[in-house]
Amino acid sequence: MLDKRYNPKDIEKKWYDFWLEKGYFKAEAKSDKPSYCIVIPPPNVTGSLHIGHALDITLQDVLIRWKRMSGYNTLWLPGTDHAGIATQNVVEKALQSQGEDRHRLGREKFIERVWEWKKLYGGTIINQLKSMGASCDWSRERFTLDEGLSKAVREVFVRLYEEGLIYRGDYIINWCPRCHTALSDLEVEHEDVKGKLWYIKYKFTHKAGYITVATTRPETYLGDTAVAVNPEDRRYKDIIGKTVKLPVLNREVPVIADEFVDSSFGTGAVKVTPAHDPNDFEIARRHNLPFIKIMTGDGKMTEEAGPYRGQDRFVCRKNVLNDLEDLGHLEKVTDHDLAIGHCYRCKTVIEPYLSKQWFVKIKPLAEEAVKAVRDGNVKIIPTGWENSYFDWMENIKDWCISRQIWWGHRIPVWYCKSCDEIIVSMETPSACKCGSSNLAQDEDVLDTWFSSALWPFSTLGWPEDTDELKTFYPTSVLITGFDILFFWVARMIMMGLKLMNKQPFDHVYIHALIRDAEGMKMSKSKGNVVDPLKMTDAYGTDAFRFTLAAYAAQGRDIKFNEKRVEGYGHFLNKIWNVARFISMNMKEGDRVLSLEELRSGDVSGRLNLAERWILSRLSDICSDVNKALEEYRFNDAAGILYQFMWHELCDWYVEMIKPELYGDNADAKMVALSALVHVFEAALSLLHPVMPFITEEIWQQLPAKKDVESLCVRKYPDADTGIYDKDAEDKMSVIMNVVEGIRSIRGELNIQPSLELKVLIKTLDSVEDVLKPNISYVMKLARVQEIQIGSDIKLPKNSATAIKPSMEIYVPLAGLIDVDVEINRLKKDFAKTEKDLVFINKKLMNEDFRSKAPKAVIDENQTKCNEYKDKLQGIQDSIDKLKKWGKE
RNA sequence: GGGCGGAUAGCUCAGUUGGGAGAGCACAGCCCUUACAAGGCUGGGGUCACAGGUUCGAGCCCUGUUCCGCCUACCA
């Protein structure tokens with residue numbers, strides 16, 4: 001017997017260990033079964049589970065468990081990402097608190113320290129995934145710095161280099177002065193700020209007067225090597241080719257003409273700082289201007305900055321402005337909105353910085369990746385994201401992949417110190433072709449996302465030709481948030497196509513971002529983060545998972561509200577209790593008929609309407625749930641199951657069969673119980689992918705015979721699990737109408753629930769034929785003591801009336817209620833129905849409607865119209881009679 | 001600057017090809033009916049942001065407006 005209450009804590013670990021022990025999560029490298037594979041978006045190895053992971057994990061686990069139960073050879077491949085900058089930052093901070101410093105430690109020692117850190121904390125997030133119930137194949141867990149994956153990285157680098165798709169050069173890149181590394185364009189977060197535009201006067205050298213330039217970064221004027229104007233700009237025609245003098249430094253720079261300059265902005269004259277601005281860099285290349293670096297990698301001013309050398313860039317700005325002001329070189333200052341780039345890891349203001357870096361020539365890769373989506377080889381769901389994808393891909397710029405940090409895949413390039421030869425190689429070379437062995441490896445490591453881009457095939461063993469690759473590549477679907485669509489998804493598609501000649505996955509399901517209940521982005525600094533572990537602690541993992549699935553409607557952010565988890569906790573309790581109910585009414589060893597027996601000739605005739613109906617409904621929802629999952633409508637799947645389990649199975653079916661269960665007709669009891677067990681087991685199976693723990697616990701405890709060892713590997717129900725039976729559903733809706741009609745009278749007229757009523761139903765013979773054999777349901781569910789049915793029933797004196805399609809239900813209430821109350825109730829219903837009738841009549845009278853609308857729609861409206869008319873007539877009769885009796 | 005999404009019951013949201021709007025929670029009334037008060041039954045509650053248009057018919061399609069949110073971008 002189950003405990004009175006469901007206690008998640010006790011059972012979750014038990015079952016997870018059981019599943020692991022049985023090896024259910026293990027994929028077969030070769031199999032006759034169709035394969036289904038998801039690679040996990042690898043969380044940062046130093047991270048801990050946040051609610052976004054929880055959603056991601058839940059959806060993936062739902063799909064994997066569903067497919068596993070549906071007979072697929074499923075592989076959910078887990079792992080973690082070394083997260084170069086983030087991890088290095090974390091370890092550096094830890095070192096700092098111990099009074100250490102990575103530079104003092106040296107590269108090798110430092111990396112050892114990071115590995116130690118990884119050993120200590122790398123398991124945290126993996127254990128948290130397990131606590132969420134994730135059915136990953138842990139025997140295949142990968143880490144981006146594993147030997148195999150590192151080999152893949154080198155292989156890709158060498159291949160792309162040899163094809164000319166990877167190159168090295170001096171360009172302006174995004175530099176984080178805090179992390180001391182280059183970043184790709186994507187790793188810069190732009191924030192809109194209200195800034196200033198400073199107007200600086202540069203004096204002419206050939207005559208009196210000056211030209212004014214406008215800038216948002218006045219300190220960079222120290223590195224100016226020109227002033228540019230648009231060649232068409234009449235104002236400046238005469239001074240093109242002349243020179244101006246930079247204030248303080250007194251350096252002379254030329255005025256040049258370049259199309260890039262927009263005459264309508266600012267003064268139409270632009271200061272050109274080639275080493276500190278990407279546009280200026282391009283201008284400088286066109287005009288052969290010198291590049292003057294005025295800043296170091298720390299964001300401090302260099303020798304070139306003259307009197308400002310050694311100053312921090314922001315201090316320098318202040319000083320420069322003061323000096324310009326004092327010298328009369330500051331013409332004016334205006335407000336100006338601009339977007340300032342920040343490092344996505346440490347939020348430091350990014351500096352455009354000239355340096356030698358490695359790049360991936362990305363256009364050729366992007367073109368193929370665009371094609372794959374356009375041709376439908378990769379399907380992005382919801383499709384709305386395709387636009388963003390195309391937009392980004394079509395305007396893509398070369399990808400800076402070198403990082404000046406230590407934690408990551410070291411770039412497989414060696415420089416010969418004797419002859420300047422560059423050696424790019426899989427293996428560490430021992431000597432240059434010039435004979436020298438004086439080689440030095442490139443100091444930099446690769447962008448973390450370079451290795452993540454290979455994840456779908458590097459984890460399956462590439463570049464080796466493995467069975468896993470043959471079986472599982474391309475993978476089935478990738479589940480992730482839109483925030484890494486470009487960072488990761490797009491790059492995986494490019495790399496997959498390039499190196500595997502096939503897309504890495506058939507589908508990409510992009511899920512929403514989770515916000516707090518007010519719609520604000522969750523962040524540690526705002527203090528509004530919801531800790532998933534607190535949710536699972538308070539309500540159980542299953543309630544939390546169900547909530548996330550129920551929230552996961554496509555194309556909308558999730559405003560997470562804990563109340564909803566609480567609500568679904570109630571749902572678990574409901575399921576728990578119906579399980580208890582079954583246990584109470586069933587003994588171990590009681591005979592339970594299988595579906596085959598239930599539908600076989602000698603039993604099916606003994607099925608009551610209740611059984612036929614619930615089996616039919618099961619059939620309906622089985623196909624609905626499978627379809628919803630097929631289309632990634634997780635919220636619909638959850639909603640359908642919630643509705644079915646609670647409101648159809650518990651509220652109706654269980655209540656309908658209580659007389660059989662409590663009665664002494666053993667055969668009837670067996671039939672009812674068999675259907676109940678069958679439907680309940682099917683419902684548990686359907687729910688299992690969403691709430692694996694409670695369903696397993698309940699199912700294991702059911703006194704019914706088990707067909708398999710675990711729900712985990714039980715066949716996922718399909719439409720065949722039930723018996724579709726339209727006749728039963730139609731008949732049941734008649735019964736429900738009667739019951740609801742009577743309950744409605746009880747409820748609205750405040751009749752004691754304990755009072756057993758007498759009821760009369762005036763109806764057609766055909767409906768009578770439905771009601772008569774099933775009248776016991778009505779009597780039980782509506783608490784009716786005596787019932788009369790017929791086409792010639794008359795409204796008894798002082799009765800309440802409920803009108804339903806083809807039925808008038810009378811409940812004599814002499815002495816129980818105030819006649820006026822009932823009249824008012826009827827009048828309300830009358831008014832409502834009348835409104836409906838007027839509307840529908842107007843429609844039906846419309847010639848255009850009659851001639852242009854489809855026949856089915858017209859018929860439907862006509863039927864409704866007749867129903868309304870009948871109903872009004874019935875209500876009016878009742879009102880008239882009540883009034884008449886009132887006067888007597 | 002460009003692009004995308006959202007606005008539906010008090011709250012959070014569903015609403016598949018256009019055929020008079022649904023759920024959960026919250027609220028109100030009645031019930032401790034032997035699975036469940038974390039429950040049962042009943043009920044109230046909506047000009048589907050605004051203005052036009054297409055259509056016999058619009059929450060849904062088209063145009064415009066307002067207000068939110070997001071992505072993206074080298075106007076110094």
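Reminder, nothing fancy here: chain letters follow the sequence lines and each chain counts from 1.
- The pair D335(A)-K194(A) fails the salt-bridge criterion, with no side-chain N (NZ, NE, NH1 or NH2) lying under 4.0 Å from an Asp/Glu carboxylate O.
- P352(A) comes within 4.0 angstrom of nothing in the nucleic acid, heavy atoms only.
- With C31(B), G43(B), A73(B) as the choices, the nucleotide that has an atom nearest any side-chain atom of P753(A) turns out to be C31(B).
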Q. Would K201(A) and E331(A) count as a salt bridge (Lys or Arg N to Asp or Glu O under 4.0 Å) if you check the C-alpha gap in whole Å, the side-chain angles of each, and the deciding distance to 0.1 Å?
A. CA-CA 6 Å; K201(A) 296 191 270 196; E331(A) 186 176 284; 5.2 Å; no
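- Across all strands shown, D262(A) has heavy atoms under 4.0 Å from base atoms, whether or not it also approaches the sugar-phosphate.
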Q | Audit row: K627(A), D624(A), salt bridge (Lys or Arg N to Asp or Glu O under 4.0 Å) steps and yes/no | A | CA-CA 5 Å; K627(A) 188 150 180 281; D624(A) 292 347; over 6 Å; no
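- Comparing A76(B), C70(B), C36(B) against the side chain of N573(A) picks out C36(B) as the nearest.
- Among the nucleotides C36(B), A73(B), A76(B), the one closest to the side chain of N577(A) is C36(B).
- G45(B) and A28(B) have their C1' atoms separated by 11 Å, given to the nearest Å.
- Between W385(A) and F482(A), the ring-plane angle classifies as parallel under the 30° and 60° cut-offs.
- One P atom belongs to C41(B), the other to C4(B), and the distance between them is 46 Å to the nearest Å.
- No engagement by H276(A) is indicated, since no non-hydrogen atom pair under 4.0 Å with the nucleic acid exists.
- Base pairing of C70(B): its partner is G3(B), meeting the Watson-Crick or G-U wobble criterion (both donor-acceptor distances under 3.5 Å).
- One interatomic measurement links the two molecules: CZ of F265(A) to P of G1(B), which rounds to 13 Å at whole-angstrom precision.
- Nearest to the side chain of K559(A), among G43(B), G19(B), U12(B), sits U12(B).
- When the C1' atom is compared between C27(B) and U34(B), the two are found 31 Å apart, to the nearest whole Å.
- Contact annotation for Y662(A): backbone-only contact, meaning every heavy-atom pair under 4.0 Å involves sugar-phosphate atoms and none involves a base.
- Distance F486(A) CZ to A73(B) C1': 12 Å, rounded to the nearest Å.
- Look at CD on Q752(A): it is 14 Å from C1' on C32(B), rounded to the nearest Å.
- Nucleic acid contact for Y642(A): sugar-phosphate only, since backbone atoms but no base atoms lie under 4.0 Å from a heavy atom of the residue.
- Here the separation of U33(B) from A23(B), taken at their C1' atoms, is 27 Å to the nearest Å.
- Distances shown here put a side-chain N or O of W646(A) below 4.0 Å from the OP1 or OP2 atom of G40(B).
- G46(B) sits 10 Å from A9(B) when the P atoms are compared, rounded to a whole Å.
- Inspection of the N573(A) and N577(A) side chains reveals an N or O donor paired with an N or O acceptor under 3.5 Å.
- Heavy atoms of Q643(A) sit nowhere under 4.0 angstrom from any nucleic acid atom.
- Across all strands shown, C50(B) pairs with G64(B); the Watson-Crick or G-U wobble distances both stay below 3.5 Å.
- Between G43(B) and K828(A), no contact under 4.0 Å exists linking OP1 or OP2 to a side-chain N or O.
- Using a 4.0 Å heavy-atom cutoff across all strands shown, A853(A) reaches at least one base atom of the nucleic acid.
- Summarising the geometry, the separation between CD on E189(A) and C1' on U72(B) is reported as 13 Å, rounded to the nearest angstrom.
- Contact annotation for K574(A): base contact, defined as any heavy-atom pair under 4.0 Å involving a base atom.
- Taking atom P on both nucleotides, A38(B) is separated from C32(B) by 16 Å, rounded to a whole Å.
- Contact annotation for D224(A): no contact, since no heavy-atom pair falls under 4.0 Å across all strands.
- If you check A14(B), G19(B), A35(B) against the side chain of V654(A), the one that comes closest is A35(B).
- Within 4.0 Å of S744(A), counting heavy atoms only, lie sugar-phosphate atoms of the nucleic acid but no base atom.
- Relative ring orientation between W646(A) and Y642(A) is described as tilted, the plane-to-plane angle lying within the 30° to 60° band.
- Rounding to whole angstrom units, CG of residue L641(A) and C1' of G24(B) are separated by 15 Å.
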Q) Stepwise, does the salt bridge (Lys or Arg N to Asp or Glu O under 4.0 Å) test hold for E860(A) with K855(A)? A) CA-CA 8 Å; E860(A) 201 182 302; K855(A) 186 167 182 307; over 6 Å; no
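- At the heavy-atom level, D651(A) lies under 4.0 Å from the strands shown only through sugar-phosphate atoms.
- Distances from the side chain of R580(A) to the nucleotides A14(B), C36(B), C30(B) place C36(B) closest.
- Nearer to the 5' terminus of RNA chain B, by closest-nucleotide assignment, is the contact made by R746(A) (compared with the other of N846(A) and R746(A)).
- Side-chain nitrogen and oxygen atoms of K397(A) include at least one within less than 4.0 Å of the OP1 or OP2 phosphate oxygen of C74(B).
- Backbone-only contact: N750(A) has heavy atoms under 4.0 Å from sugar-phosphate atoms and none from a base.
- Ranking A35(B), A76(B), G19(B) by closeness to the F581(A) side chain, first place goes to A35(B).
- An OP1 or OP2 oxygen of G39(B) is reached within less than 4.0 angstrom by a side-chain nitrogen or oxygen of H570(A).
- Atom CE in M584(A) sits about 6 Å away from atom P in A35(B), given to the nearest Å.
- Going from the C1' atom of C50(B) to that of G2(B) covers 26 Å, rounded to whole Å.
- With a cut-off of 3.5 Å on both Watson-Crick or G-U wobble distances, the partner of C27(B) is given as G43(B).
- Residue H336(A) has no polar side-chain atom (N or O) positioned under 4.0 Å from OP1 or OP2 of C75(B).
- For the pair K271(A) and Y221(A), the cation does not sit on the ring face, since its NZ or CZ is not both under 6.0 Å from the ring centre and inside 45° of the axis.
- Taking atom P on both G3(B) and G44(B), the two are 47 Å apart, rounded to the nearest angstrom.
- Atom CD1 in I751(A) sits about 17 Å away from atom C1' in U33(B), given to the nearest Å.
- The pair D836(A)-K864(A) does not count as a salt bridge, with every side-chain nitrogen at least 4.0 angstrom from each carboxylate oxygen.
- Whole-Å rounding puts the D391(A) CG to C70(B) P distance at 19 Å.
- A38(B) is unpaired under the criterion used here, namely a Watson-Crick or G-U wobble arrangement in which both key atom distances are under 3.5 Å.
- Using a 4.0 Å heavy-atom distance criterion, K864(A) is classed as a sugar-phosphate-only contact.
- Distance from the side chain of F260(A) is smallest for A76(B) among the nucleotides C13(B), U42(B), A76(B).
- Between F487(A) and Y344(A), the angle of the ring planes stays under 30°, which puts this pair in the parallel group of the 30/60° scheme.
- With RNA chain B read from its 5' end, the first of the two nearest nucleotides for K835(A) and A579(A) is the one closest to K835(A).
- Close to A26(B), at under 4.0 Å from its OP1 or OP2, lies no side-chain N or O of K563(A).
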